[in-house]
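Worth saying up front: this structure is predicted, and the values here are computed from it rather than measured. Lettering of chains follows the sequences in order, A, B, ..., and the numbering in each one begins at 1.
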Protein chains: 2
Amino acid sequence: MKLKDYAKIFKALSNEQRLKIFMMIYKNCCTPEGTKVGSEFRFKEESACCVKGSLDKAFTKICDCMNLSRSTISHHFKELQSAGLIACERDGQIYRCKINEEVVDSIKDFLK
Amino acid sequence: MKLKDYAKIFKALSNEQRLKIFMMIYKNCCTPEGTKVGSEFRFKEESACCVKGSLDKAFTKICDCMNLSRSTISHHFKELQSAGLIACERDGQIYRCKINEEVVDSIKDFLK
DNA sequence: TGCAAGATTCTACAACATTAGAACAATGAG
DNA sequence: CTCATTGTTCTAATGTTGTAGAATCTTGCA
């Protein structure tokens with residue numbers, strides 16, 4: 001991966017709203033309560049409902065707990081996809097969303 | 001650290017030129033040859049002249065091997081400092097620059 | 001002290017990012 | 001089939017970023 005690609009990944013994560021969306025999928029917690037504990041940012045790592053790194057109905061759930069229009073959220077999803085961080089697919093009413101672990105790993109490697 | 005702070009760090013790394021500067025300091029290689037190997041991005045990890053994570057005369061050296069005005073580079077340094085990624089100090093003619101390893105570590109933790 | 005080199009700050013502007021709303025497409029329920 | 005729901009695309013407004021140049025400040029040397 002080239003420097004440009006890393007810059008693109010970091011850009012995708014550089015917007016607070018988009019980072020929140022990413023973390024909701026990555027840490028797999030969609031409630032607004034899950035995104036904040038006190039004034040600190042934290043996620044409930046464990047949650048019975050789903051497996052780390054993938055999320056069904058991601059779009060709807062995220063719309064529900066964020067104060068942004070649907071079009072804006074759609075746009076942010078596309079940015080995250082375009083950077084390769086997530087992959088999404090519609091399966092009827094299910095909007096399925098997965099983290100691309102390889103890309104996340106490559107960021108870790110980059111900073112090694 | 002809050003979500004906002006992480007977003008700020010990622011923003012600092014989201015510009016290709018600035019990321020290059022950061023990596024020059026982080027991997028400690030300032031020659032243009034060191035920043036590219038073929039079309040891939042790579043650094044010479046080992047270099048006799050200095051220790052990973054700090055760089056003397058950083059500003060001048062980086063100016064020399066990048067095609068940007070001094071004011072622009074100064075601006076990028078400030079962005080990196082403001083995000084907490086690096087710390088710089090002038091010591092006479094030496095412009096000393098150090099990576100803030102704690103912040104780099106906190107990114108790794110964030111993505112854990 | 002005066003000068004040259006190095007770094008910063010200010011200004012300005014083009015390019016790009018964030019956002020919402022309206023119009024549209026796809027899907028499933030009744 | 002019709003309608004409500006869900007997601008996308010287009011457009012436009014508004015805000016932010018990246019960049020250079022000029023002016024300025026800082027430092028060391030002659």
Electrostatic pair A:Lys61:A:Asp64 at N-O distance under 4.0 angstrom:
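Result for this pair is no, no salt bridge flagged.
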Would B:Lys4 and A:Glu16 pass as an ion pair if we require N to O under 4.0 Å?
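No.
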Judged by each residue's nearest nucleotide on DNA chain C, which is more toward the 5′ side, B:Lys11 or A:Gly92?
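Checking each residue's closest nucleotide, the 5'-ward one belongs to B:Lys11.
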Nearest-Å distance for atom pair [atom1]/[atom2], residues [X] and [N]:
| X | N | atom1 | atom2 | answer |
| --- | --- | --- | --- | --- |
| B:Phe10 | C:dA17 | CZ | P | 18 Å |
| A:Leu68 | C:dA17 | CG | P | 17 Å |
| A:Glu16 | C:dA17 | CD | P | 18 Å |
| A:Ile21 | C:dA17 | CD1 | C1' | 14 Å |

Gap between atom OG1 of A:Thr60 and atom OH of A:Tyr95 - 0.5 Å precision:
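Between atom OH of A:Tyr95 and atom OG1 of A:Thr60 there are 9.5 Å.
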Going 5' to 3' along DNA chain D, which are the first and last nucleotides with any atom under 4.0 Å from a heavy atom of chain B?
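Contact boundaries, 5' end first: D:dT17 to D:dG28.
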Provide the closest heavy-atom pair for A:Tyr26 versus B:Leu111 in the form atom of the first, atom of the second, distance.
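Shortest heavy-atom separation between A:Tyr26 and B:Leu111 comes out as OH-O, 2.6 Å.
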How would nucleotides 7-13 of chain C be written as a contact map, 5' to 3', with B for base contact, S for sugar-phosphate-only contact and - for no contact, using protein heavy atoms under 4.0 Å?
BBB----
Only counting residues at least two apart or in another chain, list the ones meeting side chain to side chain donor-acceptor pair (under 3.5 Å) with B:His76.
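Only B:Arg18 meet the side chain to side chain donor-acceptor pair (under 3.5 Å) criterion with B:His76.
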Please list, one pair per line, the donor and acceptor atoms closer than 3.5 Å that link side chains of residues 66-74 of chain A to other protein atoms, with sequence neighbours excluded.
from, atom 1, to, atom 2, distance (Å)
A:Ser69, OG, A:Ser71, OG, 3.2
A:Ser69, OG, A:Thr72, N, 3.2
A:Ser69, OG, A:Thr72, OG1, 2.8

Excluding sequence neighbours, so at least two apart, what forms salt bridge (charged side-chain N to carboxylate O under 4.0 Å, His left out) with A:Asp5?
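A:Asp5: no salt bridge (charged side-chain N to carboxylate O under 4.0 Å, His left out) contacts found.
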Suppose we screen for salt bridge (charged side-chain N to carboxylate O under 4.0 Å, His left out). Which residues come up paired with A:Lys78, at least two apart in sequence or across chains?
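A:Lys78 satisfies salt bridge (charged side-chain N to carboxylate O under 4.0 Å, His left out) with no residue once adjacent residues are dropped.
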Using a 4.0 Å heavy-atom cut-off across all strands, classify B:Glu79 as base, sugar-phosphate, or nothing.
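Contact class for B:Glu79: none.
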